[in-house]
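Following: one structure in structure tokens, then a few remarks.
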Amino acid sequence: MRVSSRISGIDYHLPGISLTNEELSGLFPDWDAQKIGAKTGIENRWIAGADELSSDLAEAAARKLFGRLAVEASSIDFVLFCSQTPDYLLPTTACLLQNRLGIPTTAGALDFNLGCSGYVYGLSLAKGLVESGQASRLLLLTGETYSKLLDPGDRSVRTIFGDAGTATLVVRGGTDESAMGPFVFGTDGSGAANLICRRFGWRRDPEEVPGRESLWMNGPEIFNFTLRAVPAAVDNLLSKADRKLDEVDLFVFHQANEYMLEHLRRKMAIPAGKFWVSMRDCGNTVSNSIPIALRDAEVAGRLRVGDLVMLVGFGVGYSWGATLVRWGGDQTVSGRA
């Protein structure tokens, strides 16, 4: 029997500091709370404390998942951590998480730096490790504290981004058919300067604008890129999987902002009832946004066992990726595989 892989469960953790539209309106009086909500689809975002880092959020999500699914840390044999705000340049944050979670020293652990496409890439890495026999129970973690990269006076990004951590358990499946895939990817580094943070790197570009060291985003260019890349990625994925759009039960895209998502939905003629949006209470949480949306859809009863779900991530890089997942629902997997 061919080795297959599946998602066994997802959980997430949000930090404790709330930043509402009303509070943002107080900081930017020409933007009232209703205008912020209407433009972004976001009412609130959660902000990490001064001493609260991406690893802390991911660790909390992992412990929550372990408890709910009765998973022993000793059963994990690989840790993947996706973040653009790691604790340190080195050591690798995944190594710190292995130790803090009590995962065996025989486990592999690595970080990878991707933003809004990172979760799809992470699932692809997990699938490869499990189905090639290199791992049997893998913990895919995401954690972002973009709030620490933002200029407090830049309303265009402060209204959008929130912090979070997530944990996904990927395990060896019990059937010949993998519950994840196929995957399609895309990269266009020519758009790198349109969403960038130069503060913690070493390169100094001749065209660099003085004082622009915090996270900077060219919103219109990001929007145009998204409208070009995402529909093409969806078409390519459907072709690769030999599926039609109406065979997909639920579409979960990176939760960028509601304005952008609605444009994408209409452009691709996806029925509103099949298009899940889940950012009103947490904002754009970068690599966390797709797993948070999946868990919220499951809790709301909108994502059911057997559903075929399309996941599409896109953003900083430029980078994008898409895949199909056959949803299995939460599955208790206590003990060792």
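These numbers come from the heavy atoms of this one structure, side chains and all, not from hydrogens, waters or symmetry mates.
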Please tabulate, for side-chain N and O atoms in residues 218-225, each donor-acceptor pair with protein atoms closer than 3.5 Å (sequence neighbours left out).
{"from": "Asn218", "atom 1": "OD1", "to": "Glu221", "atom 2": "N", "distance (Å)": "3.3"}
{"from": "Asn224", "atom 1": "ND2", "to": "Pro220", "atom 2": "O", "distance (Å)": "3.3"}

**Prompt:** Would the Phe185 and Tyr121 ring centres measure less than 6.0 Å apart?
**Reply:**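 Ring-ring flag for Phe185/Tyr121: true, centres closer than 6.0 Å.
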**Prompt:** Given the side-chain rings of Phe275 and Phe253, with only the six-membered ring counted for Trp, is the space between their centroids under 6.0 Å?
**Reply:**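 Yes, the ring of Phe275 comes within the 6.0 Å limit of the ring of Phe253, centre to centre.
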**Message:** Testing the basics here: between Lys127 and Ser5, what is the closest heavy-atom pair and its distance to 0.1 Å?
**Reply:**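 Looking at all heavy atoms of both residues, the closest pair is CG-OG, 3.7 Å.
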Verify the cluster assignment for [X] and [Y]: are they in a single hydrophobic cluster under the rule of side-chain heavy atoms below 4.5 Å apart?
X	Y	value
Leu294	Phe183	yes
Leu53	Leu141	no
Leu24	Leu14	no
Phe251	Met260	yes

With no hydrogens and no angle check, is any side-chain donor or acceptor of [X] less than 3.5 Å from a backbone partner on [Y]?
X	Y	answer
Glu144	Gln84	yes
Ser54	Thr85	yes
Thr20	Glu23	yes
Ser289	Thr285	no
Lys39	Tyr259	no
Ser25	Trp31	yes
Arg45	Ser18	no
Arg265	Ile270	yes
Arg326	Gly306	yes

Identify each donor-acceptor pair in which a side-chain atom of residues 86-101 lies under 3.5 Å from a protein atom, sequence neighbours left out, and give them as a table.
{"from": "Asp87", "atom 1": "OD1", "to": "Ser55", "atom 2": "N", "distance (Å)": "3.4"}
{"from": "Asp87", "atom 1": "OD1", "to": "Ser55", "atom 2": "OG", "distance (Å)": "3.2"}
{"from": "Asp87", "atom 1": "OD2", "to": "Ser55", "atom 2": "OG", "distance (Å)": "2.6"}
{"from": "Thr93", "atom 1": "OG1", "to": "Asp87", "atom 2": "N", "distance (Å)": "3.3"}
{"from": "Gln98", "atom 1": "NE2", "to": "Ile103", "atom 2": "O", "distance (Å)": "2.6"}
{"from": "Arg100", "atom 1": "NE", "to": "Glu59", "atom 2": "OE1", "distance (Å)": "3.0"}
{"from": "Arg100", "atom 1": "NH1", "to": "Ser55", "atom 2": "OG", "distance (Å)": "3.0"}
{"from": "Arg100", "atom 1": "NH2", "to": "Ser55", "atom 2": "OG", "distance (Å)": "3.4"}
{"from": "Arg100", "atom 1": "NH2", "to": "Asp56", "atom 2": "OD1", "distance (Å)": "2.9"}
{"from": "Arg100", "atom 1": "NH2", "to": "Glu59", "atom 2": "OE1", "distance (Å)": "2.7"}

Residues 310-321, side-chain donor-acceptor partners within the protein, below 3.5 Å, at least two apart:
{"from": "Tyr318", "atom 1": "OH", "to": "Asn194", "atom 2": "ND2", "distance (Å)": "2.8"}
{"from": "Ser319", "atom 1": "OG", "to": "Ser117", "atom 2": "OG", "distance (Å)": "2.7"}

To the closest 0.5 Å, what do you measure between [atom1] ([X]) and [atom2] ([Y])?
X	Y	atom1	atom2	answer
Arg137	Ser8	CZ	OG	7.5 Å
Asn288	Thr142	CG	OG1	3.5 Å
Lys64	Tyr12	NZ	OH	6.5 Å
Asp188	Arg228	CG	CZ	7.0 Å

**Asked** Is Leu250 close to Val252 at the side-chain level, that is, under 4.5 Å between some pair of heavy atoms?
**Response**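 Side-chain contact under 4.5 Å: yes.
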**Pair Gln255, Asn284: side-chain N/O donor-acceptor within cut-off below 3.5 Å** =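 Judged by distance alone, the side chains do not pair up.
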[X] atom [atom1], neighbour heavy-atom count above 12 within 6.0 Å:
X	atom1	result
Asp246	CG	yes
Gln34	CD	no
Arg304	CZ	yes

**Message:** Name the residue from Asp163, Leu19, Ile17, Asp281 that meets the side-chain contact (heavy atoms from CB on, under 4.5 Å) definition with Trp46.
**Reply:**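 The residue from Asp163, Leu19, Ile17, Asp281 that satisfies side-chain contact (heavy atoms from CB on, under 4.5 Å) with Trp46 turns out to be Asp281.
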**Lys/Arg N to Asp/Glu carboxylate O, Glu258 vs Arg280, below 4.0 Å** =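 Salt bridge between Glu258 and Arg280, a charged N being under 4.0 Å from a carboxylate O: yes.
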**Request:** Could you tell me whether Asp30 and Arg155 make a salt bridge, using a distance below 4.0 angstrom between a side-chain N and a carboxylate O?
**Result:**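 Looking at Arg155 together with Asp30, the answer is yes, because their closest N to O distance falls below 4.0 Å.
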